[in-house]
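Single-structure report; data block below.
Note that the structure is a prediction, hence the values are computed from the model and not measured.
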Amino acid sequence: PYLDTWFINQDPIDLGRATTASADFYMYVDTGPGYDWVFVGASLDGEYFTGQWWTGYSGGWEYFLLDLSEFIGADELYLGWYFYSDEGEPPGVEGYEGVWVDDIKVWATADTPPPTGEELVQNGGFELGNLSGWNPAGAGVSVQTLRNPVEGQYVARLGGANGANQ
């Protein structure tokens, strides 16, 4: 089915004191090759993102690393996952599972350490069982229990066939 969904972090990430920065996460991609895709990127304003996109099948959970070095010194940084699916599937295809995301972490080093206990991304593993800390948009963004997530028991899901569970 047609989907145009995304989520971004609710509170901006402060890289103002950072000397290095990156984000890593795990993603399971099962989309229609060439016509459905997922984009992952970073933005200074939460509207215009730069990053990478993927289409097709990842073959299971895959580790991804997003270099954030171009955003070092920024006081506000947003990370976003965007999933697009066209209106139909090719004949004989029962449906793709969509995109699943888990265990999002942002890593930064600084000359002066952040205050004790400060986390750069809240609820990046979705283990609160909801999307708190994230701004979802469009139909199909949810947090679900999964039999084999990367860590914990919850993952974020962006679209896919109903009842699909990896």
For [X] and [Y], which heavy atoms make the closest approach, and how far apart are they?
| X | Y | answer |
| --- | --- | --- |
| Leu15 | Ala21 | CD1-CB, 3.9 Å |
| Gly46 | Ile8 | O-CD1, 4.0 Å |
| Phe71 | Thr50 | CZ-CG2, 3.5 Å |
| Ile72 | Ala18 | CG2-O, 2.9 Å |
| Leu77 | Ala42 | CD1-CB, 3.9 Å |
| Met27 | Trp81 | SD-CD1, 4.1 Å |

Exam field: side chain [X] to backbone [Y], donor-acceptor pair closer than 3.5 Å:
| X | Y | result |
| --- | --- | --- |
| Ser43 | Phe49 | no |
| Ser22 | Leu66 | no |
| Thr19 | Thr109 | yes |
| Thr55 | Gly34 | yes |

Point-to-point distance, once rounded to the nearest 0.5 Å, from [atom1] of [X] to [atom2] of [Y]:
| X | Y | atom1 | atom2 | answer |
| --- | --- | --- | --- | --- |
| Trp100 | Asp30 | CH2 | CG | 10.5 Å |
| Ile13 | Asp75 | CD1 | CG | 13.0 Å |
| Trp61 | Asp102 | CH2 | CG | 5.0 Å |
| Lys105 | Leu65 | NZ | CG | 13.0 Å |
| Asp4 | Asp86 | CG | CG | 12.0 Å |
| Glu62 | Tyr26 | CD | OH | 11.0 Å |

Query raised in the report: Do Thr31 and Val38 come within less than 4.5 Å of each other through their side chains, counting heavy atoms only?
Result: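 In short, these two side chains do not touch, never coming nearer than 4.5 Å.
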Query raised in the report: With side chains defined as the heavy atoms from C-beta onward, is the minimum distance between Pro12 and Tyr78 less than 4.5 Å?
Result: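 Result yes, sub-4.5 Å side-chain heavy-atom pair found.
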Query raised in the report: For residues Asp24 and Trp107, is any side-chain donor paired with an opposing acceptor at under 3.5 Å?
Result: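 Checked: Asp24/Trp107 side chains pair up, N/O donor to acceptor below 3.5 Å.
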Query raised in the report: Given the rule in the side-chain contact (heavy atoms from CB on, under 4.5 Å) test, do Tyr84 and Thr5 qualify, once you have shown the distances and angles that lead to the verdict?
Result: CA-CA 7 Å; Tyr84 172 82; Thr5 63; over 6 Å; no
Query raised in the report: ring pair (Phe, Tyr, Trp, His ring centres under 6.0 Å) with Trp37: which of Tyr96, Trp54, Phe83, Tyr82?
Result: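 Of Tyr96, Trp54, Phe83, Tyr82, ring pair (Phe, Tyr, Trp, His ring centres under 6.0 Å) with Trp37 is met by Tyr82 alone.
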Requested in this report: Inspect the surroundings of OH in Tyr63 and state if more than 12 heavy atoms from other residues, nucleotides or ligands are less than 6.0 Å away.
Outcome: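 Buried by this count: over 12 neighbours within 6.0 Å.
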